[in-house]
**Student:** 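Okay, here's the structure, questions in a sec.
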Amino acid sequence: MSVYDEVLAANEQYAASFGDKGELALPPARHFAILTCMDARLDPAKYAGLSEGDAHVIRNAGGRASDDAIRSLVISYKLLGTREWFVVHHTNCGMEFFTDEVMRGLLASSLETAELGPDGFRDVGQGPGSAEAAYIDWLTIADNARSVVDDVTRIRNHPLVPARIAIYGFIYDVATGRLIEIEEATKAGLAEAA
Ligand SMILES: [Zn+2]
């Protein structure tokens, strides 16, 4: 079965036992949001105990506090009432294995999928590539505890983010499934007492 067929079959089953989830309210019932990496090993619904309707989950490569992630977080509180945000990066993140310079070089030479070897990513496919990659900040990660602190700090200091929102910083350990709090990040994200 193709992935396309698998997805449609899985959805058929899901919809068959959808129950009363059609009645769920639009704002997240538990008033919180998670910003995390798109890594396929991370399932925020499972690692944080979410059901449909509970929370916002914003995902991108690295779980970085990009302008677009902040756009979603601002909508999350301003229009939909979230009050606590979790920034969750993780061990063994792919974003640690390249730099802007490497990504730009790879894409300049080929649009095929690169291979990850012991010395990092290298191109095995055909060209041509594109120089467009030079215009993108890939938001790579050199140290994943540092990146959590940086992202919580950026969100905390953003002019559209009110001081009453608590922001917590974590690393998810892909080897154990555990969330490890980065105290420096959570401290940076402390909410002002209401
Ligand atoms: Zn990742």
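Order of appearance sets the numbers: ligands from 1, and atoms from 1 within every ligand.
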**Student:** Salt bridge or not for Arg64 and Asp151, using N-O below 4.0 Å?
**Tutor:** yes
**Student:** Should the ring pair Phe32 and Phe86 be called parallel, tilted or perpendicular, given that the plane angle runs from 0 to 90° and is split at 30 and 60?
**Tutor:** perpendicular
**Student:** Working to the nearest 0.5 Å, report the span between CG of Leu35 and CD1 of Ile58.
**Tutor:**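 Result: 6.0 Å between the selected atoms.
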**Student:** Between Arg104 and Glu132, does the salt bridge (Lys or Arg N to Asp or Glu O under 4.0 Å) criterion hold? Intermediate values first, please.
**Tutor:** CA-CA 8 Å; Arg104 288 167 183 162; Glu132 271 296 317; over 6 Å; no
**Student:** Under 3.5 Å, is there a donor-acceptor pair between the Thr99 and Thr140 side chains?
**Tutor:**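 On atom types as modelled, these side chains do not qualify, holding no pair under 3.5 Å.
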**Student:** Give every protein N, O or S atom lying under 2.8 Å from the Zn ion (ligand 1), naming each by residue and atom.
**Tutor:** Cys37 SG, His90 NE2, Cys93 SG
**Student:** Is the shortest distance from a Lys or Arg side-chain nitrogen in Asp43 or Lys46 to a carboxylate oxygen in the other one below 4.0 Å?
**Tutor:** yes
